[in-house]
Amino acid sequence: MNEYKKIEEKWQKRWADEHVFEASNNSEKPKYYVLVEFPYPSGSGLHVGHVRSYSALDSLARMKRRQGYNVLFPMGWDAFGAPAEQYAIKNHIHPSLAVKENIKTFKSQIESLGISFDWSREFSTTDPEYYKWTQWQFLKFYEHGMAYKAKKDINWCPNCKTGLSNEDAAGGVCERCGSKVVQKEKEQWMLRMSDYAESLIDGLKDTNFAEKIKLGQINWIGKSTGAEVNFKIKDTDEKIIVYTTRCDTLFGATFMVLAPEHPILEKLKDKIKNMDEVIKYQKYAKEKTTFERTELVKEKTGVKLEGITAINPVNNEPVEVWIGDYVMMGYGTGAIMAVPAHDERDYEFAKKYNIPIIQVIEGGDIDKEAYTGDGIHINSGFLDGLNKEDAINKMIEFLKENNLGNEKVNYRLQDWIFSRQRFWGEPIPLVYCDNCGWVPVKEEELPVLLPDVAEYEPTDDGESPLAKITDWVNTTCPKCGAHARRETDTMPNWAGSSWYFLRYMDAHNDKDFASQEALKYWGKVDWYNGGMEHTTRHLLYARFWNQFLYNIGLVPNSEPINTRVSHGMILGANNEKMSKSKGNVVNPDDIVNEFGADTLRTYEMFIGDYEKDAAWSTDSLKGCRRFLDRVIRLQNKLNDKDGYTDEVIVHKTIKKVTNDILNMKYNTAVSSLMILTGAYEKEESITKDDYKVLLSLLNPIAPHITEELNEQNKLGEMLAKMPWPTYDEEKTISNTFEIGVQVNGKLRGSIITNEGESNEEILKKVYELDNIKRNIEGKTIIKEIVIPNKIVNIVIK
RNA sequence: GCACGUGUGGCGGAAUUGGUAGACGCACUAGACUUAGGAUCUAGCGGUUAGUUCCAUGGGGGUUCAAGUCCCUCCACGUGCACCA
């Protein structure tokens, strides 16, 4: 065991024994809530990527504590989900056992890094004491009509045998196993997340997320403003409602396209002459996965509904009606008006099936392609002569007045499919009674525990493994006492992580998910770090969940998080994502054992821009170890003097490190400490104050070795409890400057100037430089630019 | 296709927001100390030149006394969303 490791274990124990990092729920100090995403404790153990974000936020938490804040910096485990279940299936043991083991490993790994987590608030989403409240909150959704069961064509993973949310099936493949997702009709519990679309956009203004994170949220919600237009079907009472963002082109609508599964087809089936063909096409479309349907390269297909004609509401012209799989039932109304002259997709379709194309906006060459730009409207009756924006407004007025349609906002965000056909998740706490229908489990009966069995295989018919456990399924109705059956679906992995940050505020409360006092005291998460891959979905789910709790009066803020940051990945030395198969995985344990946790932490802070990916380099890591060794050696040159040997560099460094930690510029914080160390090395000897301030500033990054050096040299109390150094702005500025001297913008020399020196004095020095004399010889000086403390530029001709 | 990012030495990356480009570290070279060094110290380290000479921040153009930084344009790479009507 290396010397570093011994020291590290000593201090880890000391901090724990003295409860140094435990936050208080009633403190006079201002609060500060620092949060890192809790990990999924996988079997492969901690990744060096975890170390990066934990170290980074640890340095923030440690600094904030020393600046006088009551800091909450908790850690827990997001442990429901497929991997633990897969492991359980294979080995016929309960997933909770595997989870327990993995948590143990993860925790000891994190502890060996000396991260200042408040372990007194630790929990796992799989603890019954925790998921009781996840279930309780689900019942709140249910009580408020926000949870409902619906038969839906859902994304189905035939390999995992489970339903997936749209989010989990992005790209048409199962996020977990990569299998092709197919459509399957199933009853699913849904949360009315789409009701919150507008408020999820709106709430972003109350956050301090990075612009690109806000944008990710906005794009995912996918708001679009347009209009719904009613098209009557000739010789029937039926109408088809379409959604369009370009109602100004209505005069150019020559056909309509319905999604193949559009419900109106059923109503019109007697009138459709080619129903055989239609049914055949519907089958064809259904067999395809969403992914194949949305493949861009694919040629458009469709079937004309023979015998059906719609009427264009603005000019009463007949309009052909088609079905085509390029129209999705899940967006808008599942029907579009097609304007081939001004929409690329409609253009392609019209060309293929020889449907008339009418240009209604000037511009482009519609013999070749659709024109989608702005322009003057033509062939458009009362819109003629208007541009796009005016035409849209006028058309909406017209539609409203004539009862033909309305303005309409649409969102891509859909309701959250909340059912999973899995064993290892929170059971949905409802029972079905033949008399009473769905009935919530009584609050005092929560949590609905997962049964203790040994078979976890999902069934082929799409039921949860829980369905086979009849002892568990059979129960009595909480309302009427008759025989009833438990819901066997469980919640998605995202459920437990949607509110865990609230639980940390009052982690062991058995009366409530957290007391109102605790929720009020801690308020929002001040600083939340996580991976870029979670910035859209997890954040959206958590915000939705919290907004709902806010609306029913259970939490004090509608937005739960103030600042959100995300770290870049640590890649393998070959610049590729670390993976076992590529053999480029670095195990943090090995690094801690060989070089020490402080070295690893310092290196990962120094590795580069925190938000960007960075490749691992053991050579650079060694450089950081060398740096710490140099800091250790400095203790041999302490003298008996007081104060700082060089005030300017010390105050500058305090300022730099303080601001850099706040601004996530950890790499330059480390670099400025290296510079300070280098400056000390050049001195004959340094004072204890010099040394102490270096250790003090380095402490949030390399906490163990700095504590040890501080103690051994009797510099003062434990650094973790020592107030953070402050700087004096005036003392950060030196009173002499070496500034560059340019001639016509080209550097020709440099001079030393003093603070407050006049331009005349400066220029006098400039013209004494040989190289300046040489360069201006025989030329006319046009201008002399003197920027004090920065630069001099002589313009000549 | 749309949106957002990013392009700086051999490498990771700095640059007080328009003011001496390459901080800091790695790698490398030479030297010192040494039985030895993969320890430590000292010096050097973008290219080029006789030269503090000239050229250099993806390419081209522009604004300015001054551009890595601002504007226009093109190129390359990355990420997200994707037939969104």
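Below, chain A is the first sequence line, B the second, and so on; all start at residue 1.
Under the 3.5 Å distance criterion, the side-chain polar atoms of A:Q359 are matched with a main-chain donor or acceptor of A:I361.
At a cut-off of 3.5 Å, with distance as the only test, a side-chain donor of A:S224 or A:Y243 sits close to an acceptor on the other residue.
Annotation: A:F595 is not in aromatic contact with A:Y603 [ring centroid separation under 6.0 Å not met].
The phosphate of B:rA85 (OP1 or OP2) has no side-chain N or O of A:Y243 nearer than 4.0 angstrom. For B:rA85, the OP1/OP2 oxygens have no side-chain nitrogen or oxygen of A:K408 closer than 4.0 Å.
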- Task: Please lay out, stage by stage, how A:K637 and A:E681 fare under the test salt bridge (Lys or Arg N to Asp or Glu O under 4.0 Å).
- Result: CA-CA 9 Å; A:K637 35 190 331 185; A:E681 284 169 340; over 6 Å; no
- Task: Determine, step by step, whether A:E594 and A:K622 satisfy the salt bridge (Lys or Arg N to Asp or Glu O under 4.0 Å) criterion, reporting the C-alpha distance in whole Å, the side-chain angles of both residues, the deciding distance to 0.1 Å, and the verdict.
- Result: CA-CA 10 Å; A:E594 193 176 346; A:K622 287 178 188 161; over 6 Å; no
Kindly give the atom pairs (protein nitrogen or oxygen, nucleotide nitrogen or oxygen) under 3.5 Å for nucleotides 22-26 of chain B.
unit_1, atom_1, unit_2, atom_2, d
B:rC26, OP1, A:R626, NE, 3.0
B:rC26, OP1, A:R626, NH2, 2.8

So which protein nitrogen or oxygen atoms get under 3.5 Å of nucleotides 49-55 of chain B's nitrogens or oxygens?
unit_1, atom_1, unit_2, atom_2, d
B:rU52, O2, A:R748, O, 3.0
B:rU52, O2, A:N771, ND2, 3.3
B:rU53, OP1, A:R774, NH1, 3.3
B:rC54, OP1, A:R748, NH2, 3.4
B:rC54, OP2, A:R748, NH1, 2.9

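Regarding A:L258, its CG atom lies at a distance of 13 Å from the C1' atom of B:rA85, rounded to whole Å.
For A:R345, the side-chain atoms get nearest to B:rC83 when compared with the rest of B:rG7, B:rC83, B:rC65. Taking only side-chain atoms of A:D325, from C-beta outward, the nucleotide of B:rC81, B:rA85, B:rC83 with the closest atom is B:rC83.
Base orientation of B:rG9: syn (glycosidic angle within 90° of 0).
Within 4.0 Å of A:I787, counting heavy atoms only, lies at least one base atom of the nucleic acid. In this structure, A:K655 reaches neither bases nor backbone, as no heavy-atom distance under 4.0 Å exists between it and the strands shown.
Paired regions of RNA chain B, where each region holds three or more successive Watson-Crick or G-U pairs whose two hydrogen-bonding distances fall under 3.5 Å, are B:1-7 with B:75-81, B:10-12 with B:24-26, B:28-32 with B:40-44, B:58-62 with B:70-74.
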